[in-house]
Amino acid sequence: MRRFTVYDSLSRETRMFVPITPPKVGMFVCGLTPYDDAHIGHGRTAVLFDVVARALSHWGYRVHYIQNVTNIDDRLIARGAETGIDPLRLADRHFLAYRVAMEQLGVRSVNYYPHATDYLPEIVQQIRTLLEKGYAYESRGSVYFEAAKFRTYGRLSGQRLEEARPGTRVEPEPGKRAPEDFVLWKAARPGEPSWEAPWGPGRPGWHIEDTAITASILGPRYDLHGGGLDLKFPHHEAEIAQAEGASGLAPLANIWMHAGMLQFHGEKMSKSLGNVVPLQDAIQKHGPMVLRFYYLNAQYRSPLDYSGEATLREASEAYDRLDAPSERLREAVDQRGPDHPGQELPEEVLASSNHLLEQLDELLASDFATREAIAALFGWSRTVNEWLPRFESLSGPSLSALAAPYRWAQEVLGLFEGRGSGQDSERIAPAVQVAIEARQRARDRGDFEEADRLRESLRSAGILLEDNGSLTRWRFAPGEAG
RNA sequence: GCCGAGGUGGCAGAAUGGUUAAUGCGACGGACUGCAGAUCCGUUUCCUGGGGGUUCGAUUCCCUCCCUCGGCUCCA
C-alpha cells in the first residue's frame, strides 16, 4: 500500500492517509437527487472520486465505495406534481440516465448506489437514537435535530452557530426551536409519498439518509467522505452532527474531500441559475474521454471554468495529443505481440519509462495532482512521437515500455478508453480504406486534384487523412465522438 | 457582514525562498510533405493584482489595500 497525502477539509491541512483497518478503505460520496438530467458539474465530482478510488485500488487498498441516491425529497415531489409522474419513478428514470453517463465516462469504481427509500428502517432507527440521546425533538409530526446541542456544529464550514443562522434568506419554519435546527423526519402533507414512523407518516430529511446508510454499511466511522464543495454547509455539517451524535464516536470520517465547483463563465453551474450544460450533451458532442480529460486536467479543489464550446474543443485538441500516440502504440503492440523480436530502445528511454511510472504514482499520491500527472504524460508523448516513425522496427517489450505510462493512465485516470477504436471506427474502416487507396493511386499518377478531392470529401464526413511517408492513416476529426 | 478559495504570459493553468517560472491551447519560423495534416526543432526575450515589510535574495513568508469566485439551509 502506497502512502499518500490528501487535503482534509475538516482540519484544513494536507494529511497522510491512514486507513482505520488497512487494507480496507470505506469511502462514501454524496450522490445526487435525480429530479432532473445530470449536468457536467455532476460529472466532475463523479470522475474525481472515481480516480480517487481507482488510485487507492491501484496502490493496494481494498476500497469499498458507496454513493447514495436521494430518491425522495421536496424537489422530486414538486417535479412529480408538475409532470404527473410518480416522484419515485421520476427518480429511477433520471438515475438510470445518470448511470448510463457514468458508464460512458468510465466511472466504474462505485460498488453500490444505495437509495434513500431502501433504508427507511435504518433511518427511523437513527432518528430514534437521536431522540433518545436528546439531540432531537419532535414537533408537529416532524423531528428536528437541535444544532445547538451538538458542540462542534459549524466546525467543518468554519461557522459559529450564531453566524450560521440564516438571516433573511429563508423564512423560519414553524415548529423549529431555532432556525439552525434541521429536519430529520418531515411530516407528510396530504397526497405526498410517505412512510410510517413512530412520529406519524412522513419522509426522511435530506441529511439523515446518508448517515443512516453509512452507519449500516460502513459503520460508525469510516475513512473518506467526499462530495461537492457546495455540500459542505449545511449538508456535511449536519451529517457530522447526526452521525457523531447518534454513535458517540468521532470523527465520522477521517478525511473530508470536497470537489471544486464547475463554473459557467465565472459563475457556479447550477439548475437554479439556469446555466447548466447537460452531461449527455457534452458526452455526445465531444466524447466521454475528452470530458474526463477536461475534469482531470485541473486542480480538483479549484473552480473549473466552462466558457462555452471552445473550452471542450481546446480540451479535445489537448487530449488528442495524448490519445493519438497511445492509440498508435496499442495498435502496434496488438499487431506484433508482447514478445515480438526487434530493436530495443536505448537504456535511457527504458529507464525514463520506469521513472515516469514512479513519478505518476508520486504525483497522484500528492493530493491527487492529476493535472501534473497529465503534464508529465504530455512530455512522454513527445518521446513517443520521436520514436513513432521507428515503431516497425521495435521489439514487443520496447513497445510495451513506451506504452506503459498510457496503460497506467488508463487504469488510474480512466483515460484512453474507447475513442478511435470503437464500433464506429471498425464499421467504417473498410470504406475509408477504399477511399485511401483510390487517393493513393491518384497521387501515384500525379493527379493531385483528384487526390485532394477524395481527401476533402472524407474531411467533410469528419475523417482526417494523414500521410506519413508511404503510409496514410486516418482518424476522426477532433470534436467528433468516435 | 461572516467563513473559505483565488488573483501568474495572447488564453487556460502549475510550481518553488535562489540557475533559462511546468504543461496545454493559440501564434510565428524551420524540417518533413505534391499540397495539407500529424510529428519534430526553434521563437513567443521586460508574465507572478497595488503598496509596504522580513531576507543576501520572494512569485513563494508577514501586513495592508483592491478585485474575482464559492458557501452562509435548492445545490455535485
Side-chain angles (χ1 to χ4, degrees), chain A residues 9 12 29-33 35 38-49 67 73-75 78 147 154 156-160 162-167 169-170 173 179-183 205-207 226-235 237-238 258-263 266-273 279 293-294 297-299 301-305 307 310-311 313-322 324-325 328 369 371-379 381-382 384-386 388-389 443 446-449 451-452 455-456 459 464-469 472-475 477:
Chain A
S9 306
R12 292 160 218 271
V29 172
C30 291
L32 70 174
T33 303
Y35 73 100
H39 58 71
I40 58 177
H42 297 114
R44 182 186 191 190
T45 302
V47 166
L48 163 65
F49 289 106
Q67 188 182 112
D73 97 320
D74 291 353
R75 284 171 296 168
L156 177 66
S157 54
Q159 307 266 342
R160 292 157 162 275
E162 316 81 69
E163 287 158 354
R165 285 204 171 130
R169 278 178 60 130
V170 168
E173 215 176 294
E180 68 271 16
D181 295 350
F182 52 87
V183 70
W206 177 32
H207 319 299
L229 191 60
D230 52 355
L231 297 185
K232 209 171 179 183
F233 187 90
H235 185 54
E237 204 76 74
H258 286 100
M261 291 294 101
L262 195 92
Q263 302 192 346
E267 272 190 322
K268 179 181 159 188
M269 179 173 289
S270 74
K271 277 161 202 155
S272 44
L273 289 171
L279 188 53
F293 170 85
Y294 163 66
N297 196 207
Q299 216 295 330
R301 274 181 277 125
S302 302
L304 176 58
D305 197 61
S307 313
T311 303
R313 265 201 305 277
E314 182 182 325
S316 180
E317 295 290 341
Y319 177 66
D320 227 41
R321 258 186 88 72
L322 299 178
R328 298 282 298 271
R371 183 173 233 276
E372 283 161 282
I374 285 170
L377 287 168
F378 277 119
S381 286
R382 184 155 291 147
V384 171
N385 282 329
E386 280 170 40
L388 200 110
R443 293 176 74 202
D447 185 356
F448 296 119
E449 237 176 83
D452 289 349
R455 182 170 62 192
E456 186 50 39
R459 205 180 72 84
L464 302 180
L465 297 190
E466 294 169 359
D467 300 326
N468 279 290
T472 298
R473 303 181 53 85
W474 68 273
R475 64 187 177 99

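Naming: A, B, ... by sequence-line order, numbering from 1 per chain.
- Within the 4.0 angstrom heavy-atom criterion, no nucleotide atom of any strand lies near A:Leu377.
- Closest approach to the A:Thr45 side chain among B:G13, B:A76, B:A38 is made by B:A76 (side chain taken as heavy atoms from C-beta onward).
- The pairing partner recorded for B:C40 is B:G30, the criterion being a Watson-Crick or G-U wobble arrangement whose two distances lie under 3.5 angstrom.
- Rounded to a whole Å, the CE atom of A:Met261 is 5 Å from the C1' atom of B:A76.
- Among the heavy atoms of the strands lying under 4.0 Å from A:Arg75 are primed sugar atoms or P, OP1, OP2 only; no base atom is included.
- Annotation: of the two residues near RNA chain B, A:Ala318 and A:Glu449, the 5′-most nearest-nucleotide partner is A:Ala318.
- Residue A:Trp474 has no polar side-chain atom (N or O) positioned under 4.0 Å from OP1 or OP2 of B:G37.
- The base of B:G34 is paired with the side chain of A:Asp452 by a donor and an acceptor separated by under 3.5 Å.
- Within the nucleic acid shown, A:Asp73 has no heavy atom closer than 4.0 Å to any nucleic acid atom.
- As judged by a 4.0 angstrom heavy-atom cut-off over every strand, A:Glu314 is placed among the base-contacting residues.
- Between A:Tyr35 and A:Lys271 the shortest side-chain heavy-atom distance falls below 4.5 Å.
- Applying the Watson-Crick and G-U wobble criteria (two distances, each under 3.5 Å), B:G4 pairs with B:C69.
- At the heavy-atom level, A:Asp74 lies nowhere under 4.0 Å from the strands shown.
- With B:G34, B:G26, B:U73 as the candidates, the nucleotide lying closest to the side chain of A:Pro234 is B:U73.
- Pairing of B:G18, defined by two Watson-Crick or G-U wobble distances under 3.5 Å, is identified with B:C56.
- A:Ile374 has its side chain within reach of A:Leu322: a pair of non-hydrogen atoms, C-beta onward, lies under 4.5 Å apart.
- The distance from atom CG of A:Leu229 to atom C1' of B:A76 is 10 Å, rounded to the nearest whole Å.
- Side chain A:Asp467 to base B:C35: a donor-acceptor pair is found below 3.5 Å.
- Applying the salt bridge (Lys or Arg N to Asp or Glu O under 4.0 Å) test to A:Lys268 and every residue at least two apart in sequence or in another chain returns A:Asp230.
- Taking each heavy atom of A:Gly226 and A:Phe49 in turn, the nearest pair found is CA-CZ, 3.5 Å.
- Place A:Ala375 and A:Arg12 on RNA chain B by their nearest nucleotides, and A:Arg12 ends up nearer the 5' end.
- In terms of polar N and O atoms assigned as donor or acceptor, the side chain of A:Arg443 comes within less than 3.5 Å of the base of B:G34 in a complementary pairing.
- At least one donor-acceptor pair under 3.5 Å links the side chain of A:Arg12 to the backbone N or O of A:Leu156.
- Applying the ring pair (Phe, Tyr, Trp, His ring centres under 6.0 Å) test to A:His39 and every residue at least two apart in sequence or in another chain returns A:His42.
- Heavy atoms of A:Arg473 sit nowhere under 4.0 angstrom from any nucleic acid atom.
- Among the heavy atoms of the strands lying under 4.0 Å from A:Gly31 are primed sugar atoms or P, OP1, OP2 only; no base atom is included.
- Backbone-only engagement by A:Ser157 is indicated by non-hydrogen atom pairs under 4.0 Å involving sugar-phosphate atoms exclusively.
- At a threshold of 4.0 angstrom between heavy atoms, the contacts of A:Gln263 are confined to the sugar-phosphate backbone, with no base atom among them.
- Looking at heavy-atom distances under 4.0 Å, A:Gly266 makes contact with sugar-phosphate atoms alone, never a base.
- Whole-Å rounding puts the A:Arg455 CZ to B:A38 P distance at 12 Å.
- The nearest whole Å value for the distance from the OH atom in A:Tyr35 to the C1' atom in B:C74 is 7 Å.
- Of the listed nucleotides (B:A76, B:A12, B:G24), B:G24 has the atom at the smallest distance from the side chain of A:Phe378.
- Nucleic acid contact for A:His39: base, since at least one base atom lies under 4.0 Å from a heavy atom of the residue.
- Considering only the side chain of A:Glu372, B:A14 comes nearest among B:G37, B:G71, B:A14.
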Margin query: A:Arg473 vs A:Asp467, test: side-chain contact (heavy atoms from CB on, under 4.5 Å). Steps then yes/no.
Written below: CA-CA 6 Å; A:Arg473 303 181 53 85; A:Asp467 300 326; over 6 Å; no
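- Residue contacts for A:Ser302: at a heavy-atom cut-off of 4.0 Å it reaches the sugar-phosphate backbone alone, with no base atom in range.
- Considering only side-chain atoms of A:Phe233, the nucleotide from B:G37, B:C75, B:C72 that sits closest is B:C72.
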Measure all distances between protein nitrogen or oxygen atoms and nitrogen or oxygen atoms of nucleotides 39-41 of chain B, and list the pairs falling under 3.5 Å.
from  : atom 1 : to       : atom 2 : distance (Å)
B:U39 : OP1    : A:Arg321 : NH1    : 3.4
B:U39 : O3'    : A:Asn385 : ND2    : 3.2
B:C40 : OP1    : A:Asn385 : ND2    : 3.3
B:C41 : OP2    : A:Arg382 : NE     : 3.4

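- Rounded to whole Å, atom C1' of B:U23 lies 10 Å from atom CD1 of A:Ile374.
- In this pair, A:Phe293 and A:Phe378 present their aromatic rings perpendicular. The plane angle is above 60°, beyond the 30 to 60° band.
- When both pairing distances are held under 3.5 Å, B:C74 makes no Watson-Crick or G-U pair with any nucleotide shown.
- For the OP1/OP2 pair of B:G37 and a distance below 4.0 Å, the side-chain nitrogens and oxygens of A:Thr472 include no atom meeting the criterion.
- Contact annotation: A:Lys232 does not reach the phosphate of B:U73 (side-chain N/O to OP1 or OP2, under 4.0 Å).
- The two residues A:Ala147 and A:Asp181 come nearest to each other via the heavy atoms N-OD1, 3.0 Å.
- The closest side-chain heavy-atom distance from A:His207 to A:Pro234 is below 4.5 Å.
- Rounded to whole angstrom, the span from the CZ atom of A:Arg44 across to the P atom of B:G70 amounts to 14 Å.
- Put simply, CG on A:Asp305 is 10 Å from P on B:G70, counting in whole angstrom units.
- Among the nucleotides B:A14, B:A38, B:C75, the one closest to any side-chain atom of A:Gln299 is B:A14.
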